[in-house]
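In what follows, a structure is listed as structure tokens, so that the remarks can point back to it.
These numbers come from the heavy atoms of this one structure, side chains and all, not from hydrogens, waters or symmetry mates. In what follows, chains are A, B, ... by sequence order, proteins preceding strands, each numbered from 1.
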Protein chains: 2
Amino acid sequence: MPVAHDEMERRVEEMKDALRARGMRLTHQRIEVVREIAGSEAHPDAETIYRNVRTRIPTISRDTVYRTAATLVELGCVTRTTLTHGPVRYDANLEHHHHFVCMRCGAAHDIVDPALDKVRASASSAGIGSVETVEVRLRGVCTECERSTGTTRRSRRKT
Amino acid sequence: MPVAHDEMERRVEEMKDALRARGMRLTHQRIEVVREIAGSEAHPDAETIYRNVRTRIPTISRDTVYRTAATLVELGCVTRTTLTHGPVRYDANLEHHHHFVCMRCGAAHDIVDPALDKVRASASSAGIGSVETVEVRLRGVCTECERSTGTTRRSRRKT
DNA sequence: CTATGTGCAAAGCGTTTGCAGTTAG
DNA sequence: CTAACTGCAAACGCTTTGCACATAG
């Protein structure tokens, strides 16, 4: 499921501004990687970004994807997360949200739920440290995989 | 913080039984890896297990650690988790629990809190899939790192 | 004894890095 | 123009695998 057009454009402009503010050049490679990350809700990994951008810039290299993604993370425009084992995945949704991860296909869905946001470090965490963020991770089987029992969409290790 | 002696012995016996039940041999290498995983609450990675077991069996190889850990995961005695970026970490605590992860040193603490267990898939997740497990991840700075501001205990990438 | 497990070394995957040529500003 | 960026290839860290020897049962 792609990000709504307006939201995507907003994100793209924000990232471009951040790059410019750092005095970094807006090369067409960078712009396409930015568009790819900003426009996806699937928390894509570097390989997926690379594959998709390659349809537009066939000469782009994986290195540029990795470097641009790392830059966006540094700039705070994107977060890296390890939702599944295997490659790091990039998330352009900066709103506070939670995740549902399919144990069969590895697909990830954002979950925005004010009820989950209430989960706060309670007495149990006292003495352990100071909590800065709370993320709820739901694991299960996505509706798509439930329908096609047995078949896996992508070969990604579960958990 | 090590696991309580009795609990550790219970876990060790459970794992040995599971290995026997599968017709697998209880080699001294396997037993030491089992003891190491069962006795740690720190969610150690393969390298840490390897380093510690090596003090008892100097000739053990990393491969055996990986293989034994993989076997224990298959047998359901241990779970693999990626709490931080970097190496997979093993968790011998099968009780339902949550995690606090220090963003500075990467240390992980188990959190058992019935209040957190109440977090359930609410309306928001409807239509996404069927939820099987819920894990709450708290991120922040552990008390130890708060005390020694600036210094990091271990060099592990945060988040 | 003999099937299983071990250590070794080599390969695998995802990712990072040094370099020389390329390009945005 | 020239500093910044790219693509390449090589290196990296973590993990898995094929093989011949070693050992638990």
* Structure fact -> Protein-proximity profile, nucleotides 17-25 of chain D, B/S/- by nucleotide at the 4.0 Å heavy-atom cutoff, equals BB----BBS
* **Given DNA chain C, 5'-ward residue of the pair A:Arg62 and B:Thr59, judged by closest heavy atom** => B:Thr59
Whole angstrom is fine here: how far is it from [atom1] in [X] over to [atom2] in [N]?
{"X": "A:Asp45", "N": "C:dC13", "atom1": "CG", "atom2": "P", "result": "14 Å"}
{"X": "A:Arg22", "N": "C:dA24", "atom1": "CZ", "atom2": "P", "result": "22 Å"}
{"X": "A:Tyr66", "N": "D:dT6", "atom1": "OH", "atom2": "C1'", "result": "17 Å"}
{"X": "B:His85", "N": "C:dT15", "atom1": "NE2", "atom2": "P", "result": "10 Å"}
{"X": "A:Arg89", "N": "C:dT15", "atom1": "CZ", "atom2": "P", "result": "12 Å"}
{"X": "A:Ile57", "N": "C:dT23", "atom1": "CD1", "atom2": "P", "result": "12 Å"}
{"X": "A:Tyr50", "N": "D:dG7", "atom1": "OH", "atom2": "C1'", "result": "10 Å"}

* Asked: Among all residues two or more places apart in sequence or in another chain, which pass the side chain to side chain donor-acceptor pair (under 3.5 Å) test with B:Arg30?
  -> none
* To do: Identify which nucleotide among D:dT6, D:dT16, D:dG7 has an atom closest to any side-chain atom of B:Arg80, counting heavy atoms from C-beta outward.
  => D:dT16
* Structure fact -> Residues passing the salt bridge (Lys or Arg N to Asp or Glu O under 4.0 Å) test with A:Arg11, sequence neighbours excluded, are A:Glu7
* B:Asp110-B:His98 side chain donor-acceptor pair, cut-off 3.5 Å -> no
* Pairs where residues 53-64 of chain B contributes a residue and the test side-chain hydrogen bond (donor to acceptor under 3.5 Å, both in side chains) is met, not counting sequence neighbours -> B:Glu32-B:Arg56, B:Glu36-B:Arg56, B:Glu47-B:Arg62, B:Tyr50-B:Arg54, B:Ser61-B:Asp63, B:Ser61-B:Thr64
Just list the side-chain donor-acceptor pairs under 3.5 Å for residues 13-24 of chain A, sequence neighbours left out, or say none.
{"unit_1": "A:Glu14", "atom_1": "OE1", "unit_2": "A:Arg10", "atom_2": "NH1", "d": "2.8"}
{"unit_1": "A:Asp17", "atom_1": "OD1", "unit_2": "A:Arg20", "atom_2": "NH2", "d": "3.0"}

* With B:His97 via ring-ring contact (aromatic ring centres under 6.0 Å, His included) - residues at least two apart -> B:His99
* Would you tell me if any nitrogen or oxygen in the side chain of B:Ser61 comes within less than 4.0 Å of OP1 or OP2 on C:dT6? => no
